[in-house]
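As the structure lists them, so they are numbered: ligands from 1, and atoms in each ligand from 1. In this text the structure is predicted, and so the values were computed from the model without any measurement.
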Amino acid sequence: MSTQVAIIGAGPAGLLLSHLLHLQGIESVVLETRSRAEIEATIRAGVLEQGTMDILNESGIGARMQREGTVHHGFALAFGGQRHRIDLTGLTGRAITVYAQHEVIKDLVAARLAADGRIEFEVSEVRLHQLDTDTPSVTYQRAGEPRTLRADFVIGCDGFHGVSRSAMPAAQRQDFQRIYPFGWFGILVDAPPSSDELIYAQHERGFALVSTRSPQVQRLYFQCDPNDDVNRWSDDRIWSELNARLANHDGWQLKEGKIFQKNIIGMRSFVSTPMQHGRLFLAGDAAHIVPPTGAKGLNLAVSDVRLLARGLDRFYTTGKRDELNEYTATALKRIWRAEHFSWWMTSLLHTSKEASPFERQLQRSELDYIVSSRAAATALAENYVGLAFA
Ligand code: RFL
Ligand code: PHB
């Protein structure tokens, strides 16, 4: 089989790239190790930047997001028993939308399949070949049969644990990493939203986040030991921990309900450079990871593939590789901004056992400054809603 662009991974990066290329008349095949049902059921991100919403709308797949997603014009920072509103729209003129990543995935898969797009699910043994030549290929197994996909380009959108990054020549590769000593315990709850807007809470017992998924489902997180076991957390213990961290003097109350999913995720910051070699390009989590505090991971994946779609369009319409050659340098500017912001939000809001009393006072001072200075709040808001795309 042959195509113009071979895409490894049907996450948001791979599927959106395939969709954008299709709109430009460029053919692609997406290879995915998991089944359609699995990718459509994996619970991950919730916050979409305005620029991400714009791309989904402009490319014709935003209709359900507009109907079912919720636009948020602000969020709350909670600490010291009080909530303080960060007026995102008042400070930046922009907003965010809460719409689950797996719903974006469903919309993209439906759009690709409706346009006869090719997604090969449940493949294994994916290997990349001849990336230094103009005729790269990917070999894989499907239903026990060996297959070969020949393409002009191979795009690695296979997430942090994928195979594409390791195809980069080790001698040229440089990785930057920070692993945090805490994780997030995430739950899904059958209950209406406790708050119209997200609440990011800093507390000496640890961070907590109140988010939503739909008018019937809440998404809540709290900082935990990354090596903890969900089975050690009964529903009662979870509610008492969340209530302790979200306790406040203004009468606001968390709405409790049936917890129907629990999971723990580790937190890391990671960037691998360069993001390209020969005919191979990496996009999204395959090249970089941020801790979820700043809600940037999916949004970065979208901005990467937007650049790639543009560079590939230029290549196929003019034969020029200049935009593709600049891909790593252009993408990294936004990536490092998001890396810094995500690290900063994480440090601002989490409680570290290693923090000295001095560092705790600094953290509190910074929170006080953000909620009392328009300039400081604007810096936070501008990064949170997302800087303009390159
Ligand atoms: P993905 O989503 O990991 O998709 C990669 C796909 O590749 C497949 N795959 C392979 N396919 C073929 N061959 C192989 N060898 C393969 N190996 C793997 C995988 O099965 C998978 O389907 O990467 P992508 O597309 O780069 O997208 C990145 C985002 O998923 C990620 O950054 C976000 O989920 C991060 N994130 C958030 N981002 C936001 O922008 N806003 C948020 O509010 C937000 N909240 C979150 C988050 C991530 C979280 N977790 C679970 C890490 C909240 C959480 C809890
Ligand atoms: C989510 O709703 O899953 C969510 C919201 C905000 C974040 C991370 C995740 O910072």
Side-chain angles (χ1 to χ4, degrees), residues 6-18 30-36 38-49 51-52 70 72 75 96-102 104-105 108-109 119-128 138 140-142 149 154-167 183-188 193 197-200 207 209-214 217-221 261 263-268 270 282-305 338 341-342 345-346 349 384 386:
I7 298 174
I8 322 283
L15 290 169
L16 180 62
L17 178 61
S18 178
V30 180
L31 304 179
E32 167 60 52
T33 44
R34 296 183 296 157
S35 67
R36 178 177 179 183
E38 277 176 279
I39 65 164
E40 291 188 345
T42 303
I43 307 294
R44 291 183 85 175
V47 172
L48 308 183
E49 292 176 1
T52 298
T70 320
H72 289 225
F75 66 80
I96 53 124
T97 287
V98 177
Y99 184 61
Q101 175 167 330
H102 67 280
V104 177
I105 295 279
L108 283 165
V109 170
I119 308 172
E120 299 258 273
F121 290 107
E122 297 180 73
V123 304
S124 59
E125 309 295 326
V126 175
R127 303 278 178 271
L128 284 52
V138 183
Y140 59 100
Q141 300 256 334
R142 183 152 187 240
L149 175 62
V154 178
I155 316 291
C157 300
D158 47 351
F160 185 67
H161 301 287
V163 294
S164 303
R165 191 172 61 252
S166 58
W184 275 16
F185 197 116
I187 58 171
L188 284 168
E197 296 184 334
L198 271 61
I199 303 174
Y200 287 82
F207 169 72
L209 171 59
V210 178
S211 181
T212 64
R213 276 297 175 270
S214 71
V217 175
Q218 283 191 85
R219 179 69 163 150
L220 306 173
Y221 298 97
Q261 206 209 63
N263 67 336
I264 291 179
I265 59 155
M267 290 172 68
R268 76 171 79 221
F270 174 79
L282 302 181
D285 281 13
H288 43 78
I289 294 285
V290 284
T293 328
K296 288 281 163 263
L298 164 63
N299 294 296
L300 277 183
V302 168
S303 73
D304 286 353
V305 301
F341 176 67
S342 304
M345 275 279 272
T346 302
L349 293 167
Y384 191 80

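- For the pair R219 and I43, the minimum side-chain heavy-atom distance is below 4.5 Å.
- The shortest N or O to N or O distance between P292 and ligand 1 is not under 3.5 Å.
- Which parts of ligand 1 touch A13 is read off a 4.0 Å heavy-atom cut-off, strictly below it: atoms 25 (O), 26 (O).
- Between Y384 and F341, the ring-plane angle classifies as perpendicular under the 30° and 60° cut-offs.
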- Take D158 and V126 through the test side chain to side chain contact (heavy atoms under 4.5 Å, CB included) and record every step on the way to the result. CA-CA 11 Å; D158 47 351; V126 175; over 6 Å; no
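- The distance from ligand 1 to the heavy atoms of Q101 drops below 4.0 Å at these ligand atoms: 2 (O), 29 (C), 30 (O), 33 (C), 34 (O).
- Atom CD1 of I289 is separated from atom CE of M267 by 12.0 Å, given to the nearest 0.5 angstrom.
- Atom CG in L16 sits 9.5 Å away from atom CD1 in I105 (nearest 0.5 Å).
- Considering only non-hydrogen protein atoms, atom 14 (C) of ligand 1 sits nearest to T33 CG2, 3.5 Å.
- Nearest to atom 3 (O) of ligand 1 by heavy-atom distance, out of K296, E38, R44, is R44.
- Close approach to G162 involves these atoms of ligand 1, each under 4.0 Å from a residue heavy atom: 17 (N).
- Remark: E197 engages R85 in a side-chain hydrogen bond (donor to acceptor under 3.5 Å, both in side chains) (not counting sequence neighbours).
- Closest heavy-atom approach to atom 27 (O) of ligand 1 within the set G284, S124, P12, S211: this belongs to P12.
- Going from atom CD of E122 over to atom CD1 of I39 covers 10.5 Å, rounded to the nearest 0.5 Å.
- To the nearest 0.5 Å, the span separating CG on L15 from CD on E32 amounts to 8.0 Å.
- Heavy-atom contacts of I8 reach the following atoms of ligand 1: 12 (C), 13 (N) (cutoff under 4.0 Å).
- Of the candidates I265, I264, L128, I265 brings a heavy atom nearest to atom 50 (N) of ligand 1.
- Within 4.0 Å of ligand 2, protein heavy atoms belong to R44, G46, V47, W184, L198, Y200, L209, S211, R213, R219, Y221, P292, T293, A295, listed by chain and number.
- Below 3.5 Å of separation, one finds an N or O of G297 facing an N or O of ligand 1.
- Residue D285 places at least one N or O, backbone or side chain, under 3.5 Å from an N or O of ligand 1.
- Side chain to side chain, S35 and E38 meet the donor-acceptor criterion of an N or O pair below 3.5 Å.
- Inter-residue side-chain proximity for T42 and R34 is flagged as met; some heavy-atom pair is nearer than 4.5 Å.
- At under 3.5 Å, not a single nitrogen or oxygen of Y221, backbone or side chain, sits near a nitrogen or oxygen of ligand 1.
- Among all non-hydrogen protein atoms, the one lying nearest atom 4 (O) of ligand 1 is G11 CA, 3.4 Å.
- S18 places no side-chain N or O within 3.5 Å of a backbone atom of G14 that could act as its donor or acceptor partner.
- Scanning the protein for heavy atoms near atom 37 (C) of ligand 1, the closest one is A45 CB, 3.0 Å.
- Between the OG atom of S164 and the CD1 atom of I7 there is a distance of 11.0 Å, given to the nearest 0.5 Å.
- A donor-acceptor pair is defined here as one N or O able to donate and one able to accept, closer than 3.5 Å; no such pair exists between the side chain of Q101 and the backbone of R44.
- At least one N or O atom of N299 sits closer than 3.5 Å to an N or O atom of ligand 1.
- Looking only at distances, a side-chain donor or acceptor of D304 sits under 3.5 Å from a matching main-chain atom of G284.
- An N or O contact shorter than 3.5 Å links R34 to ligand 1 by distance.
- Taking each of L31, T293, V47 in turn, the one with a heavy atom nearest to atom 12 (C) of ligand 1 proves to be L31.
- Using modelled atom types, no side-chain atom of D285 and backbone atom of H161 make a donor-acceptor pair closer than 3.5 Å.
- Looking only at distances, a side-chain donor or acceptor of R165 sits under 3.5 Å from a matching main-chain atom of A286.
- When the heavy atoms of V126, V305, I96 are ranked by distance to atom 13 (N) of ligand 1, first place goes to V126.
- Per-residue contacts place G159 under 4.0 angstrom from the following atoms of ligand 1 (heavy atoms of the residue considered): 3 (O), 5 (C), 23 (O).
- Residue contacts with ligand 1 leave out G186, since none of its heavy atoms falls under 4.0 Å from the ligand.
- From T346, atom OG1 reaches atom CH2 of W184 across 7.5 Å, with rounding to the nearest 0.5 Å.
- Between T52 and V104 there is no side-chain heavy-atom pair separated by less than 4.5 Å.
- For the pair L298 and ligand 1, the shortest N or O to N or O distance falls below 3.5 Å.
- Residue-ligand proximity, C157 to ligand 1, at heavy-atom distances under 4.0 Å covers atoms 5 (C), 6 (C), 7 (O).
- Among protein heavy atoms, atom 22 (O) of ligand 1 sits closest to E32 OE1, 2.7 Å.
- Atom 18 (C) of ligand 1 has its closest protein heavy atom at D158 O, 3.2 Å.
- Checking only distances, F160 never comes within under 3.5 Å of ligand 1, N or O to N or O.
- Residues S211 and L198 meet the side-chain proximity criterion, which asks for heavy atoms closer than 4.5 Å.
- The V163 neighbourhood of ligand 1 comprises atoms 15 (N), with distances under 4.0 Å to a heavy atom of that residue.
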